[in-house]
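First the structure, in the form of structure tokens, and then the observations on it.
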Amino acid sequence: MAELTSAAILAGAPCTSGDPAWISPRSTAAEVAEACLRCRSCLVLVPCGEAARELRPSFGVWAGRRYGAAR
């Protein structure tokens with residue numbers, strides 16, 4: 001996971017911006033939709049998806065996919 005985080009930061013991944021849409025279980029549906037769209041052009045999309053399949057997050061946006069329910 002640390003390698004993915006480092007790669008995401010170096011690639012300028014949108015999820016490293018501090019925007020809570022990627023990490024908050026309280027994100028609105030609109031915030032989640034925007035985060036998912038922004039993931040599509042990310043340079044670490046594939047490793048992020050692999051990490052999500054392994055970690056099975058309970059919320060957030062990983063590799064353009066929403067985990068958990070949006071409000």
Side-chain angles (χ1 to χ4, degrees):
M1 186 65 190
E3 290 177 19
L4 175 61
T5 302
S6 295
I9 291 168
L10 290 173
C15 61
T16 63
S17 69
D19 183 340
W22 278 275
I23 58 170
S24 175
R26 294 183 190 96
S27 297
T28 66
E31 289 170 330
V32 169
E34 176 65 26
C36 289
L37 283 174
R38 292 180 64 197
C39 283
R40 290 181 182 175
S41 62
C42 183
L43 297 175
V44 293
L45 182 71
V46 172
C48 181
E50 291 168 354
R53 283 188 290 282
E54 182 180 319
L55 297 171
R56 298 178 186 236
S58 59
F59 64 88
V61 174
W62 291 69
R65 179 172 174 224
R66 180 191 79 200
Y67 290 82
R71 318 187 262 147

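From a predicted model like this one, the values you see are computed outputs, not experimental measurements. We number each residue from 1, following the sequence as shown.
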*Out of curiosity, Arg66 CZ to Ser27 OG, how far, rounded to the nearest 0.5 Å?*
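So the gap between those two atoms works out to 10.5 Å.
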On a heavy-atom basis, which atom in [X] and which in [Y] lie closest, and how many Å separate them?
{"X": "Cys36", "Y": "Gly64", "result": "SG-O, 3.4 Å"}
{"X": "Arg26", "Y": "Glu31", "result": "O-OE1, 4.5 Å"}
{"X": "Trp62", "Y": "Ala51", "result": "CZ3-CB, 4.1 Å"}
{"X": "Pro47", "Y": "Val44", "result": "CD-O, 3.3 Å"}
{"X": "Ala13", "Y": "Cys42", "result": "CB-SG, 3.6 Å"}

*asked:* Quick check: do Cys39 and Cys15 have side-chain heavy atoms less than 4.5 Å from each other?
replied: no
*Flag yes if Leu55 and Tyr67 sit in one hydrophobic cluster, no otherwise; membership is Ile, Leu, Val, Met, Phe, Trp, Tyr, and two members link when side-chain heavy atoms are under 4.5 Å apart.*
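Yes, Leu55 connects to Tyr67 through the hydrophobic network.
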